[in-house]
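So that the names make sense, note that chain A is the first sequence line, chain B the second, and so on, each numbered from 1.
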Amino acid sequence: MTDTKIKIENLSFFYGKKQAINDFSLDIPKNRIMSVFGPAKSGITTLLRSLNRLYELIPDTRAEGRILIDNEDIHAPSVSLTQLRRRVGMVFDVPTPLPMSIFDNMAYGPRLSGIKRRSELEGIVEQSLKMAALWEDVCDRLDTPAASLSGGQQQRLCMARVLALKPEVILLDRPCSGLDPISTAKIEESLQELKKQFTIVIAPHNIQQGGRISDRAVFMLSGNLIEEGTAEEIFANPTDKRTADYITGRFG
Amino acid sequence: MKDFKEKLSGRIFFVLALSSISVLALITVFILIKGTPLIAEVGLKDFIFGMTWAPGRGEFGIFPMIAGSVSVTFGAAVIGVPIGICCSIFLAEFAPAWLSKIFRPVIQLLAGIPSVVYGFWGMIFVVPLIRDYLGGPGLSILAGSIILAIMILPTVISISEVSILALPRQYKEGALALGMTHWQAIYSVVLPSAKSGIVASVVLGIGRAVGETMAVIMVLGNAVALPESILDPVRTLTTNIGIEMGYAEGAHEQALFATGIVLFVVIMIINGLAQYITRDKNKGRR
Ligand SMILES: Nc1ncnc2c1ncn2[C@@H]1O[C@H](COP(=O)(O)OP(=O)(O)OP(=O)(O)O)[C@@H](O)[C@H]1O
Ligand SMILES: [Mg+2]
């Protein structure tokens, strides 16, 4: 077992009065892929979004408990929200390219953090696109609008864009939900490379994907952590009956 | 029996739709028949670029009115568009729910106030203010622009706001997740993505400003002359028709209809532009 990157301690999350996560504690190891899965509305998206505090966009939401990244409380007043979101990058279920060229999409984050030199930006862009397995597809048309890419390419662009921020953690919320099998395979493949440098938390598209890509996995149900363990344990020999039922499709 | 009812109601709706379209067509044809002979007689170029409007002497040049319409509309856009867009950003992005709940109906109400009320307010409030503090007669391009700016606000605000709110939530989230601040997300993602809707709102607002008659009659001074400053009175195409139609006869009447044709064409172009812009948006993105 490697070091713990993220430590979630007794997290409870509320949308107004509605509680979406109940007293949830979990250690997420560094340089591993952690899958979080469960039936619809289990609170998976909420959990991922609480790791970069993206829920703060929604009025009347509240998180209780602690989340530590490298032993630093992300709710501490000294934490800058924009810094946190650059350390903890996120890819959504729908590709969200910015309405600008491929290059500007990629360079946006680095520019925000103060990098101006064209050559330096170009280096980051190329490197990040290569890591997301998109460089070959787009290297000769970096100036075309990002919206002209296919869905799968857009999603890889969003991944590359996050990588260009040089984050420590990458959150992926069903990143392959709208993608064809080939794009999905490309993304899964690059994740295996990426985990060498980053800590990855993913809501897999389905149980098969969870089994293929993850090192560890968590099963969630109605905002509760049901079971956590290595991918083999959870996907092949779950101890909790609810996990087993869900995995074998007998859930309901 | 049911079948019969279905058919009957279908027919009725068809007839109603047809009649409203034919009324429109009739009006168009009527204006064209009444106006074109004069344009043909005077010549399109002299009609549009002619500097003198003297119906008594048979001189029909509408350029001063075109200049009036353009300057007042431009002024209204300069004042109203930035305010309107800022309001829509505030409503869509910053205002707490309860505030926008109050704001939206109020803005709708603003659109429902009869234009004569705006004109009246301008006459007794804006015009004296301009006269006392800036000089000139008060009845002026500036007064008209201010009144029209207020009148186009509802159009600009509501259409812009709708187009901002219609953006997929993920656009903004994607931006914030990149570590942008709320403002950075607004100007680099939200506004560019909602651009076509915002532009359409501006174009429609301008269309409304060009067509407005009553309110501007009351505050523009209606002098037929090329303005030299924004404090000068002017006459617009619409007010020209509104003022003179009551007593015009013969060639004079025809000339007013011809003015109507020019207006008609301008408004058609503006609305066509708005349609084109919004359609482009639906095609361009998924
Ligand atoms: N903005 C919101 N306001 C109120 N309740 C919300 C909001 N977002 C989510 N919820 C509620 O919180 C609970 C958890 O939702 P969440 O989206 O985290 O679940 P999920 O496991 O990601 O579900 P899905 O399978 O739909 O992706 C659900 O009951 C949902 O209705
Ligand atoms: Mg979800």
Chemist: Report the residue from A:Leu98, A:Asn105, A:Thr82, A:Leu112 that forms a side-chain contact (heavy atoms from CB on, under 4.5 Å) with B:Leu178.
Modeler: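 Going through the options one by one, the only one that passes is A:Leu98.
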
Chemist: So, taking the atom named OG1 in A:Thr96 and the one named CZ in B:Arg169, what distance separates them when rounded to the nearest 0.5 Å?
Modeler: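 Going from OG1 on A:Thr96 over to CZ on B:Arg169, the span is 11.5 Å.
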
Chemist: When only pairs under 4.5 Å are counted, which of A:Asp93, A:Asn52, A:Leu57 shares the most heavy-atom pairs with chain B?
Modeler: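 With the most close heavy-atom pairs to chain B, the winner is A:Leu57.
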
Chemist: At a 4.5 Å cut-off on heavy atoms, which part of B:Lys172 comes close to chain A: side chain, backbone, both, or neither?
Modeler: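 Side chain only.
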
Chemist: Tell me, yes or no, whether the heavy-atom count around A:Tyr15 atom OH, taken from other residues, nucleotides or ligands under 6.0 Å, exceeds 12.
Modeler: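 For A:Tyr15, atom OH is crowded (more than 12 foreign heavy atoms under 6.0 Å).
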
Chemist: Counting heavy-atom pairs closer than 4.5 Å to chain B, which one of A:Met100, A:Arg86, A:Arg87 comes out on top?
Modeler: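 Heavy-atom pairs under 4.5 Å are most numerous for A:Arg86.
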
Chemist: Would you give the length of the straight line joining atom CD of A:Glu56 to atom CG of B:Leu176, rounded to the nearest 0.5 angstrom?
Modeler: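 Here the interatomic distance stands at 11.0 Å.
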
Chemist: Can you check whether B:Ala177's main-chain N or O pairs, donor with acceptor, with A:Arg85's side chain at less than 3.5 Å?
Modeler: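 Not a single qualifying donor-acceptor pair exists.
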
Chemist: Can you confirm whether more than 12 heavy atoms, excluding those of A:Phe103, are under 6.0 Å from its CZ atom?
Modeler: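 Yes.
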
Chemist: Could you report the tightest heavy-atom contact between A:Tyr108 and B:Met180, atom names first, then the distance?
Modeler: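 That would be CE2-CE, 3.0 Å.
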
Chemist: Going by heavy atoms in the side chains, are A:Val94 and B:Pro168 under 4.5 Å from each other?
Modeler: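 A side-chain contact under 4.5 Å is absent here.
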
Chemist: In sequence, state the C-alpha distance, the side-chain angles, and the governing distance for A:Met90 and B:Glu173, and then conclude on side-chain contact (heavy atoms from CB on, under 4.5 Å).
Modeler: CA-CA 9 Å; A:Met90 184 157 197; B:Glu173 290 181 346; over 6 Å; no

Chemist: Can you tell me if A:Phe14 has over 12 outside heavy atoms packed within less than 6.0 Å of its CZ?
Modeler: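 Yes, the 6.0 Å shell around CZ holds more than 12 heavy atoms from other groups.
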
Chemist: Are there over 12 heavy-atom neighbours, none belonging to B:Leu18, within less than 6.0 Å of that residue's CG?
Modeler: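 Correct, the count exceeds 12.
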
Chemist: Step through the shown structure and confirm whether more than 12 heavy atoms of other residues, nucleotides or ligands are within 6.0 Å of CZ on B:Phe94.
Modeler: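 For B:Phe94, atom CZ is crowded (more than 12 foreign heavy atoms under 6.0 Å).
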
Chemist: Is atom CG of A:Asp140 surrounded by more than 12 heavy atoms (other residues, nucleotides or ligands) closer than 6.0 Å?
Modeler: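 Yes, CG of A:Asp140 has more than 12 neighbouring heavy atoms, counting only those of other groups under 6.0 Å.
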
Chemist: Please look at A:Arg161 and chain B and tell me whether the side chain, the backbone, both or neither of the residue comes under 4.5 angstrom of a heavy atom of that chain.
Modeler: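 Contact with chain B is through both the backbone and side chain of A:Arg161.
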
